[in-house]
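In what follows, a structure is listed as structure tokens, so that the remarks can point back to it.
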Number of protein chains: 2
Amino acid sequence: MLTERQLLILQVIIDDFIESANPVGSRAISKKDDISLSAATIRNVMADLEELGYIEKTHSSSGRVPSEKGYRYYVDNVVGPHMENGNLSIMRDLVRDDFIDFEKLVQKSAEVLSDLTNYTSIILGPEIFETKLKQLQIVPLTDHSAVAILVTDSGHVEHRSFTIPAEISATDLEKIVNILNDRLNGISLARLPEVITTEVLSLMQMYVHDFEKSYQYLKSAFFKEQPVKLYIGGKTNLLTQPEFNDIKKIRAFYQMMENEDQVVNLLKTPQHGIKVTIGNENKFEEIKDFSLITASYQFGNEQMGTIALLGPTRMEYRKVITLLNALSNEMTDALYLWYKNNET
Amino acid sequence: MLTERQLLILQVIIDDFIESANPVGSRAISKKDDISLSAATIRNVMADLEELGYIEKTHSSSGRVPSEKGYRYYVDNVVGPHMENGNLSIMRDLVRDDFIDFEKLVQKSAEVLSDLTNYTSIILGPEIFETKLKQLQIVPLTDHSAVAILVTDSGHVEHRSFTIPAEISATDLEKIVNILNDRLNGISLARLPEVITTEVLSLMQMYVHDFEKSYQYLKSAFFKEQPVKLYIGGKTNLLTQPEFNDIKKIRAFYQMMENEDQVVNLLKTPQHGIKVTIGNENKFEEIKDFSLITASYQFGNEQMGTIALLGPTRMEYRKVITLLNALSNEMTDALYLWYKNNET
DNA sequence: GTTAGCACTCTGGCCTTCTGAGTGCTAATT
DNA sequence: AATTAGCACTCAGAAGGCCAGAGTGCTAAC
């Protein structure tokens, strides 16, 4: 447990370093308004803090820099407990204004977030499997090709082009669509394959010629793995950070960000609420000197998606955490309202 | 006009520099297999070439580097006339395999192209205004919101969510959709607004209550400016180029690439076929030491889209030009076939 | 016309020096 | 006993000097 004085000095060091990116020395600290101690005294405190592992030197006669342990302490004990709801209004306006199209909202949020913070924002879109089928449509283009369209109750639209095998006639296709629409309305996307196999298959068998073939085609058209929606905003923001001056780092970072699977993997967390991952706490080597703050937004009790900000370990934790918290709350609220409206 | 010897030396310099990125000296040239002249002779030729403006020194006692004029000459007189159709098979397989979904094809092409060349590829998707409306659909989600879906004969799907104003009833909405589908089928997207105003408006007036309001809403839902589809592949490839060692350059470049409008603007060219833009020939300051090779692909006589590769001025022009040429031909062919099939 | 030879130039790597910021410790002060 | 002033010491990074190497231009010989 830190003494009050130690905590004060630690805070000052972290705040100063977050702002300036330079190691902070005893003299500079003693000059701050809320410090009335001499540099020498502060040196003693700093020696203690270093021994405890909260700060470090970059070389034997340099000023101090917060260690990861230091940031962790700061996040857990300083910013965590005193979370204000600042910036709520911006987020609220954003979410309320644009809610009709969920995907666009998510995308725009990513942009706003990265503009506001100057870090890189990553948003994992809603898992559409949790939403329900509203309508299914097949539009023939030519004799042998068509596009299948699937609309969910959240206003999401998926489409796939596919070839119609010669064995399936236009009337058969129409019948199939009718059957599907009749039976599948309101079924969650996750359950679609199951329901098709148990209920629809037998129906098709009765009405449709060569149903087996049709079934195969439908399946391949709709039940391929759904791509995860991933939005990244302000990828270039990090370039302005002073710690990003090494070309090798830049390369490693961008190479990693190009790999969608890896980014998704990074964000996926079972945890609700805000989660802060500092430096080496991160999964991947490439971002071992970054910090990642994730917040999830919900749809009922199901987790739906994740919002995250990625920046240097020297990150404005207070600001970022407040912001993400506000946005995730707003999004959860908006989703709840939407859901309710949909029920009626 | 260059003498044969001068041309030979120029070629060697350019080829060597493209490969090594280092200024090339007389001694190195004289050692090449296809050169049987001494370094001193070559120095004389080089002095001539420099006087003519085709090569430059980086400092008074350095080797020579091609100037932009040099690259231009090389492209126009060396690679242009002797274009082989190499790599055709890769491109053909790519295009043929995947043609069903045009957008995915374009996206994948961008990837393949950047992988194959290690430069950044940019593809401007097909201008969907040239294609024709196949079907229009409105799917109501709740009492006051719906999603409008528009399918073109090329299999492209656009969708927009919108709010239904209280004044418009469900039956009216249905009527409107019926009218629209009836009248608009086969009309090119570009002509939609016009046809709606001249033909459909009067019909709506007859059948639909409060048609004016409905009309406004439809218009806003469908005839907003269509976003241009832009695919960029291998953004990080350029990081591996040695000329990209200056952080400022990197920043300027990425900042520019984030601005979609600017990128689109860069690619838009009235010209058919292959176009090479070297260094300062480019529109924007940010890429004044890059080269851009663009190729357009067609749909009938209408230009549809553009494929481009962006790399350092020290670019493998021969390879890139051959590749782009092949791909653009394949895409034009594929589009032609598709179009024909659609007619029948 | 071509080539060998030589003096000259410039870059980039390496070493040294020097300054300024910052520390740790000791002794004096409150 | 806690705080502070004073001082010697350390280290990074900037500035300058010093080469070696690659390359050139020019002259004179082939």
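Labels below follow one simple rule: chain letters A, B, ... track the order of the sequence lines, proteins then strands, and each chain is numbered from 1. All values below were derived from every heavy atom in this structure, side-chain atoms included, with hydrogens, water molecules and symmetry-related copies excluded. These numbers were taken from a predicted model, which means no experiment stands behind them.
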Is there a side-chain contact between [X] and the phosphate of [N], meaning an N or O under 4.0 Å from OP1 or OP2?
X      : N       : result
S61(B) : dG23(D) : no
K57(B) : dA22(D) : no
R64(B) : dT24(D) : yes
S26(B) : dT24(D) : yes
S38(A) : dT4(D)  : yes

Rounded to the Å, how far apart are [X] [atom1] and [N] [atom2]?
X      : N       : atom1 : atom2 : answer
Q6(A)  : dA2(D)  : CD    : C1'   : 15 Å
R27(B) : dG25(D) : CZ    : P     : 17 Å
N22(A) : dC11(D) : CG    : P     : 20 Å
E50(A) : dC25(C) : CD    : P     : 11 Å
D16(B) : dG23(D) : CG    : C1'   : 14 Å
H59(A) : dA21(C) : NE2   : C1'   : 8 Å
K31(B) : dT3(C)  : NZ    : P     : 16 Å
I42(A) : dA5(D)  : CD1   : P     : 12 Å

[options]: which one has an atom nearest the side-chain heavy atoms of [X]?
X      : options                  : result
R43(B) : dT3(D), dC6(C), dA12(D)  : dC6(C)
N44(A) : dA4(C), dT24(D), dT4(D)  : dT4(D)
A40(A) : dA5(D), dT24(D), dG24(C) : dA5(D)

>> Using modelled atom types and a 3.5 Å cut-off, is there a donor and acceptor pairing between side-chain atoms of Y317(A) and backbone atoms of I293(A)?
In response: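 Side chain of Y317(A) to backbone of I293(A), a donor-acceptor pair under 3.5 Å: no, none is there.
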>> When you measure from the side chain of K249(B) to the backbone of D289(B), do you find a donor-acceptor pair of N or O atoms at a distance under 3.5 Å?
In response: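 No: the side chain of K249(B) does not pair with the backbone of D289(B).
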>> By the 4.0 Å heavy-atom rule, please label S60(A) as base, sugar-phosphate, or nothing.
In response: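 Contact class for S60(A): sugar-phosphate only.
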> Contact class for T58(A) vs. all strands (heavy atom < 4.0 Å): base, sugar-phosphate, or nothing?
Replying inline: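 No contact.
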>> For a 4.5 angstrom cut-off between non-hydrogen side-chain atoms, does L49(B) reach L2(B)?
In response: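 Yes. Closest side-chain heavy atoms under 4.5 Å.
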>> Name the residue from V24(B), I9(B), L10(B), D48(B) that meets the side chain to side chain contact (heavy atoms under 4.5 Å, CB included) definition with I55(B).
In response: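 Result for side chain to side chain contact (heavy atoms under 4.5 Å, CB included) with I55(B): L10(B).
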>> Out of the candidates K32(B), R314(B), K31(B), R64(B), only one should pair with D16(B) under the salt bridge (Lys or Arg N to Asp or Glu O under 4.0 Å) rule; please name it.
In response: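 In the set K32(B), R314(B), K31(B), R64(B), the residue that makes a salt bridge (Lys or Arg N to Asp or Glu O under 4.0 Å) with D16(B) is K32(B).
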